[in-house]
Number of protein chains: 2
Amino acid sequence: MFLSIGDLAARTGVKVPTIRYYESRGLLEAPLRSAGNQRRYGRAELERLGFIRHARDLGFSLEAIAALIELQDHPDRACTSATRIAQGQLGAVREKIRRLRALEAELARIAEGCTGDGAARDCYVLASLADHELCARDHSIEARSSTQRS
Amino acid sequence: MFLSIGDLAARTGVKVPTIRYYESRGLLEAPLRSAGNQRRYGRAELERLGFIRHARDLGFSLEAIAALIELQDHPDRACTSATRIAQGQLGAVREKIRRLRALEAELARIAEGCTGDGAARDCYVLASLADHELCARDHSIEARSSTQRS
DNA sequence: GTAGTCTCTCTAGTCACTAGAGGTTCAAGG
DNA sequence: CCTTGAACCTCTAGTGACTAGAGAGACTAC
């Protein structure tokens, strides 16, 4: 089992530059190299990259993943911190949902208040954004846009 | 009414460097300057910054906000694009909520499957992340972490 | 006049990649 | 054995929306 970086990418669904990026960030160890200096991976790296991919899909930061990997490499330690990290992530996700729901309500009100066939001077969307008083509730300091995988 | 950048920041809740950043991005016009080259703002800028702040709170990108401002400056145009932008944002928010809910379910299952008092080798959190087969549903390509205001 | 706060510009850092330049290596076909 | 073309290498820079800090100048209250 000697995989090139492209093989590894194909098997895990992680793009080639991203694998190199993970290596530079210390999430993957520097692998063996071929005679011509190309990376060669084995089963261990395949599994580790799968772990990282899975954790990223669940929204864990690379920092949190590094901590989880550290723990994985020391099976004798207590798993308290893994649980704490997962619960922290769960809390963060729930908080995001809460904020996005408030946003959704306000945006729906604003977007549906405008038929789109008038002039900009009478636009309810623009008026709502210009005047916070028009809002049904206080949604200041709500969620901001997020980065997402395609 | 001649506000310094600090006064403007205090009145709108937008931080001073962020105001300068908005100016550099073209969302705010370059204001008048004092004899000593310091920015001086009036009511128009206060309102515009309030508009931007409000739209950012609702998750609009700076690009979308620029388009909305452009429309605001031309009250004779049709407000079709404002409605489209708002509805696009609403759709994006709804999609994020949908993804985050799938994530929440999976994270809750993982986090609550572990008491946190065992050793890392038996940790359900780590096992779940290592093996996608353990997942209750397919949540690959879900939401990634988002940027949010404090 | 002076102390202390505010403001100026500029650069660099954040996160998690992504894109591109310019060059080298590998594997398959002839 | 040789060629071709895909895959690989390193390095730098760009994304969005800021945030932090340096070093210098301006303003305000006493």
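We name chains A, B, ... by the order of the sequence lines, and we start the count at 1 in each one. Side chains are part of it too, since the values below use all heavy atoms of this structure and drop only hydrogens, waters and symmetry mates.
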Atom [atom1] of [X] and atom [atom2] of [N]: how far apart are they, to the nearest Å?
X        : N       : atom1 : atom2 : answer
Leu27(B) : dC18(D) : CG    : P     : 9 Å
Tyr41(A) : dC8(D)  : OH    : P     : 10 Å
Glu63(A) : dC15(C) : CD    : C1'   : 11 Å
Gln38(A) : dC26(C) : CD    : P     : 5 Å
Ile5(B)  : dT5(C)  : CD1   : C1'   : 15 Å
Leu49(B) : dC18(D) : CG    : C1'   : 14 Å
Leu3(B)  : dC27(D) : CG    : P     : 16 Å
Ile19(A) : dC17(C) : CD1   : P     : 12 Å

(request) Scan Arg39(B) against the nucleic acid and name what it touches under 4.0 Å (heavy atoms): base, sugar-phosphate only, or nothing. (result)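 Sugar-phosphate, no base atom in range.
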
(request) Before giving the answer on side-chain contact (heavy atoms from CB on, under 4.5 Å), spell out for Arg20(B) and Arg39(B) the whole-Å C-alpha distance, their side-chain angles and the decisive distance to 0.1 Å. (result) CA-CA 10 Å; Arg20(B) 286 195 279 249; Arg39(B) 290 169 179 82; 3.5 Å; yes

Hey, is the side chain of [X] poking within less than 4.0 Å of OP1 or OP2 on [N], counting only N and O atoms?
X        : N       : result
Arg20(A) : dC9(D)  : yes
Ser4(B)  : dC6(C)  : no
Ser34(B) : dA26(D) : no
Tyr22(A) : dC17(C) : yes

Candidate nucleotides [options], ranked by approach to the side chain of [X] - the nearest:
X        : options                  : result
Tyr21(A) : dT10(D), dA16(C), dC8(C) : dA16(C)
Pro17(A) : dC8(D), dT18(C), dC8(C)  : dT18(C)
Arg33(A) : dC8(C), dC26(C), dT10(D) : dT10(D)
Lys15(B) : dT18(C), dT19(D), dC9(D) : dT19(D)
Ser61(A) : dA17(D), dA16(C), dC8(C) : dA16(C)
Thr18(B) : dC18(D), dC8(C), dA16(C) : dC18(D)

Residues [X] and [Y] bridged, charged N to O under 4.0 Å:
X        : Y        : result
Asp57(A) : Arg53(A) : yes
Asp73(A) : Arg48(A) : yes
Glu95(B) : Arg99(B) : yes

(message) Minimum heavy-atom separation for Ala120(B) and Leu71(A), please, with both atom names.
(response)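 For Ala120(B) and Leu71(A), the tightest heavy-atom pair comes out as CB-O, 3.7 Å.
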
